[in-house]
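Here is the structure we will look at, set down as structure tokens.
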Amino acid sequence: MSAHHPLAVIIGMPGAGKTRVGHQAALMLGVAFIDADQRVEDEARMGIPQYFERYGEKAFRDLESSLICELLDGYDGLLSLGGGAPMTPATRQALADYVRDGGRLIYLQADSKEAMERARRGGNRPMLKGDPDARWKQLFEERDPVFSELANIHVRTHGSTPQMAARKLTEAIMQRTIHVTGLSIEPYDVRVGESVMQQLPEILGERPTKIALIHTQPVQRHSDHARALLRRAGYSVSDVVIPDAEAGKTNPVANGIWERLGNEGFTRSDAVVGLGGGAATDLAGFVAATWMRGIRYVNCPTSLLAMVDASTGGKTGVNTPQGKNLVGSFYTPAGVLADLKTLATLPNDIFTEGLGEVAKSGLIMDEGILDLLEDHGEELRAFDGAAFLGSPLEGVVSELIERTVRVKAYHVSSDLKEAGLREFLNYGHTLAHAIETLEHFRWRHGNAVAVGCVYAAELAGILGYLDKDEVDYHRSLLGSLGLPTSWHHENWDEVLALMHRDKKARGNHLRFVILDGIGHPIHLEDPPQDAVHEAFVRIQQAPAHR
Ligand SMILES: NC(=O)c1ccc[n+]([C@@H]2O[C@H](COP(=O)([O-])OP(=O)(O)OC[C@H]3O[C@@H](n4cnc5c(N)ncnc54)[C@H](O)[C@@H]3O)[C@@H](O)[C@H]2O)c1
Ligand SMILES: O=C(O)C(=O)C[C@@H](O)[C@H](O)[C@H](O)COP(=O)(O)O
């Protein structure tokens with residue numbers, strides 16, 4: 001959305017607090033605030049009740065609509081609209097266009113009794129003449145369906161003080177939503193922002209009664225929060241703690257959970273929530289995909305890597321002793337809630353690892369990601385969870401998450417089951433999975449991907465697809481983020497054998513994703529053996545990283 005459209009537009013019933021809460025939220029965000037009703041009064045040089053009386057509702061709505069349309073196209077602060085504004089067809093169309101172009105249209109919903117009381121106290125509202133409560137209820141019947149459909153963000157302020165409501169509003173405004181849709185995908189949203197985990201009940205819906213909350217021990221604080229939210233919303237929650245990291249991504253662990261779901265009577269209408277790093281969300285998705293041949297699941301990723309990659313796109317699965325992710329299913333979540341608050345406990349080295357997948361996404365598709373990584377490399381490298389929330393780095397990280405998820409959504413949308421285009425997301429992974437297996441998972445996935453990208457770049461360089469500068473760029477970018485760019489292993493045959501087990505291989509032929517320019521991935525079928533080996537030799541030239 002360009003800088004010349006409002007940061008967000010607030011709609012809602014009379015008395016919902018659009019002006020008061022909106023103004024407070026604008027102060028918190030440090031942006032301008034305009035109340036459209038005030039604009040109308042300034043323009044008309046009289047109060048709205050007088051204008052109504054003198055010229056009637058039609059004239060008022062025409063004036064209101066033309067002012068709102070102007071503001072939607074040229075003002076970049078927070079805008080609050082009068083209660084009935086979205087009911088005017090021209091305004092409604094302009095708001096629908098604003099949403100279609102990426103705008104945030106927020107339906108502010110207060111408790112009806114409180115809103116009626118405030119509306120009554122506000123006095124002299126032409127639309128509430130007569131019996132204000134009865135009129136309010138009648139207007140609600142007419143407007144609520146329109147507002148609900150038009151708005152792409154809903155903020156409920158029930159029981160909140162104005163300060164708390166403003167905080168909720170700012171969180172909703174700062175939230176980023178990526179809509180994932182496409183062929184054979186039931187559409188879902190990836191929501192990124194502070195406190196988005198609170199939306200868990202909304203995404204799970206009313207159908208499930210039992211929830212299996214699958215998580216690891218290091219994220220206990222966040223799973224406690226999720227469990228409390230779920231119990232408050234009326235679900236019966238089974239807390240399922242799995243072994244940490246890759247140790248949790250195994251068939252015996254999945255089997256233990258199947259037994260538990262069976263013993264606890266989980267049916268097809270129940271659901272799974274996967275909370276944690278990518279290993280936990282991969283395992284949780286796999287359990288959801290297989291239990292009774294598929295039940296609903298929602299991912300709450302808590303590591304950078306899980307937020308940008310693992311939680312989205314529907315690749316679920318477990319490792320086997322023979323290699324990484326060899327058993328699994330393509331099974332998409334009902335939603336993904338990437339709550340930035342969880343990053344406050346993320347250790348620096350695990351954050352950095354996630355940058356490996358972020359950089360990969362930049363290298364295959366999005367120069368904007370590369371620019372952000374180049375401009376903020378030092379701050380990213382120094383990530384400190386305790387100082388993260390509210391820091392300037394938070395904005396950078398949330399933009400990186402959004403952009404990376406968009407790259408993923410683009411590839412997944414037309415190729416869920418990885419027949420071609422989606423394979424580009426596997427850039428760097430042919431060697432990466434071999435490294436992880438040979439290192440018995442002491443190497444983190446994102447670190448292995450970083451080395452794998454350098455390997456793929458070297459291979460492309462040897463075969464004439466990339467020039468030396470582009471290969472060097474891989475090393476300098478990844479190195480500047482604190483990621484490894486070299487790996488040493490004595491036994492080439494072992495490496496080669498594992499690369500043949502990569503899911504892109506066909507028969508006895510290796511297949512790679514390489515670049516023929518930064519941002520231009522291509523498939524490389526069955527490359528010459530000596531080039532595949534020579535690229536391996538080249539990535540061993542620096543000291544091995546652990
Ligand atoms: N399904 C996919 O499309 C996909 C994509 C990329 C990666 N993956 C998989 O994801 C896994 C890697 O994910 P990862 O990097 O998150 O590793 P991980 O799941 O092993 O998590 C790393 C560590 O960080 C801890 N942790 C996570 N969030 C935390 C937080 N907020 N505070 C404190 N500790 C936290 C975890 O418990 C773990 O100890 C690999 O198994 C990889 O294969 C899957
Ligand atoms: O989503 C995809 O497709 C990917 O390839 C994303 C990768 O970053 C991710 O590591 C994925 O888990 C790799 O899958 P695999 O099929 O190579 O096991």
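Since the structure is predicted, the reported quantities are computational estimates derived from the model, not experimental observations. One-based numbering, in listed order, for ligands and for the atoms of each. Heavy atoms only: backbone and side chains are in, while hydrogens, waters and symmetry mates are out.
- Closest protein heavy atom to atom 15 (P) of ligand 2: Lys503 NZ, 3.3 Å.
- Taking the ring centroids of Phe351 and Phe388, they lie at or beyond the 6.0 Å cut-off.
- Sparse packing is recorded around CE of Met174, with 12 or fewer heavy atoms of other residues, nucleotides or ligands lying under 6.0 Å away.
- Checked by distance only, ligand 2 and Asp502 stay at 3.5 Å or farther apart across all their nitrogen or oxygen atoms.
- Under a 4.0 Å criterion applied to the non-hydrogen atoms of Asp309, ligand 2 contributes the atoms 6 (C), 7 (C), 8 (O).
- Ligand 2 lies within reach of His433, whose nearest heavy atom is under 4.0 Å from it.
- Considering backbone and side-chain N/O atoms, Asp282 never comes within less than 3.5 Å of an N/O atom of ligand 2.
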Return a table of N or O atom pairs, ligand 1 on one side and protein on the other, at distances under 3.5 Å, rounded to 0.1 Å.
from     : atom 1 : to     : atom 2 : distance (Å)
ligand 1 : 1 (N)  : Asp282 : OD1    : 2.8
ligand 1 : 1 (N)  : Ala310 : O      : 3.4
ligand 1 : 1 (N)  : Lys315 : O      : 2.8
ligand 1 : 3 (O)  : Lys408 : NZ     : 2.9
ligand 1 : 13 (O) : Gly278 : N      : 3.1
ligand 1 : 15 (O) : Glu353 : OE1    : 3.0
ligand 1 : 15 (O) : Glu353 : OE2    : 2.8
ligand 1 : 16 (O) : Gly278 : N      : 2.8
ligand 1 : 16 (O) : Ser303 : OG     : 2.5
ligand 1 : 19 (O) : Gly278 : N      : 3.0
ligand 1 : 19 (O) : Ala279 : N      : 2.9
ligand 1 : 28 (N) : Thr302 : O      : 3.3
ligand 1 : 28 (N) : Thr302 : OG1    : 2.7
ligand 1 : 31 (N) : Thr302 : O      : 2.9
ligand 1 : 31 (N) : Thr342 : O      : 2.9
ligand 1 : 31 (N) : Thr345 : OG1    : 3.3
ligand 1 : 32 (N) : Thr345 : O      : 3.2
ligand 1 : 32 (N) : Thr345 : OG1    : 2.7
ligand 1 : 37 (O) : Thr216 : OG1    : 3.1
ligand 1 : 37 (O) : Asp244 : OD1    : 2.6
ligand 1 : 39 (O) : Asp244 : OD1    : 3.1
ligand 1 : 39 (O) : Asp244 : OD2    : 2.4
ligand 1 : 41 (O) : Glu246 : OE1    : 3.3
ligand 1 : 41 (O) : Glu246 : OE2    : 2.5
ligand 1 : 41 (O) : Lys249 : NZ     : 2.9
ligand 1 : 41 (O) : Lys324 : NZ     : 3.4
ligand 1 : 43 (O) : Lys249 : NZ     : 3.1
ligand 1 : 43 (O) : Lys324 : NZ     : 2.5

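- Summary of contacts: the protein heavy atom closest to atom 11 (C) of ligand 2 is Lys315 CD, 4.1 Å.
- Among all non-hydrogen protein atoms, the one lying nearest atom 12 (O) of ligand 2 is Asn325 ND2, 3.5 Å.
- In this structure, Phe266 has its ring center at least 6.0 angstrom away from the ring center of Trp291.
- Heavy atoms of Glu423 found under 4.0 angstrom from ligand 2: none, in either backbone or side chain.
- Under a 4.0 angstrom heavy-atom cut-off, His411 registers as lying outside contact with ligand 2.
- Summary of contacts: the protein heavy atom closest to atom 17 (O) of ligand 2 is Asn426 ND2, 2.8 Å.
- For residues 189-205, the set of pairs meeting the salt bridge (Lys or Arg N to Asp or Glu O under 4.0 Å) definition, not counting sequence neighbours, comprises Arg167-Glu194, Asp189-Arg191, Arg191-Glu202.
- Among the candidates Thr312, Val308, Leu305, the single residue satisfying the side-chain contact (heavy atoms from CB on, under 4.5 Å) test with Thr404 is Val308.
- A salt bridge (charged side-chain N to carboxylate O under 4.0 Å, His left out) with Glu423 is found for one member of Lys503, Arg506, Lys417 and no other, namely Arg506.
- Not counting sequence neighbours, the partners of Asp366 by the salt bridge (Lys or Arg N to Asp or Glu O under 4.0 Å) test are Arg403.
- For the residue pair Glu171/Gln198, the side-chain donor-acceptor check at 3.5 Å is not satisfied.
- Counted by atom type alone, Asn426 and Lys504 present one or more donor-acceptor pairs between their side chains at under 3.5 Å.
- Legend: residues meeting side chain to side chain donor-acceptor pair (under 3.5 Å) with Ser414, ordered by chain and number and at least two apart, are absent.
- Residue contact check: Glu357 has heavy atoms under 4.0 Å from atoms 8 (O), 10 (O) of ligand 2.
- In this structure, the separation between CG on Leu425 and NE2 on His411 is 5.0 Å, given to the nearest 0.5 Å.
- At least one heavy atom of Arg422 sits closer than 4.0 Å to an atom of ligand 2.
- Of the protein's non-hydrogen atoms, His429 NE2, 3.2 Å is the one closest to atom 7 (C) of ligand 2.
- At a cut-off of 3.5 Å, with distance as the only test, no side-chain donor of Asn319 or Thr250 sits close to an acceptor on the other residue.
- Assignment of Lys360 to the shell around ligand 2 is supported, since a heavy atom sits closer than 4.0 Å.
- More than 12 heavy-atom neighbours from other residues, nucleotides or ligands sit within 6.0 angstrom of CD on Gln322.
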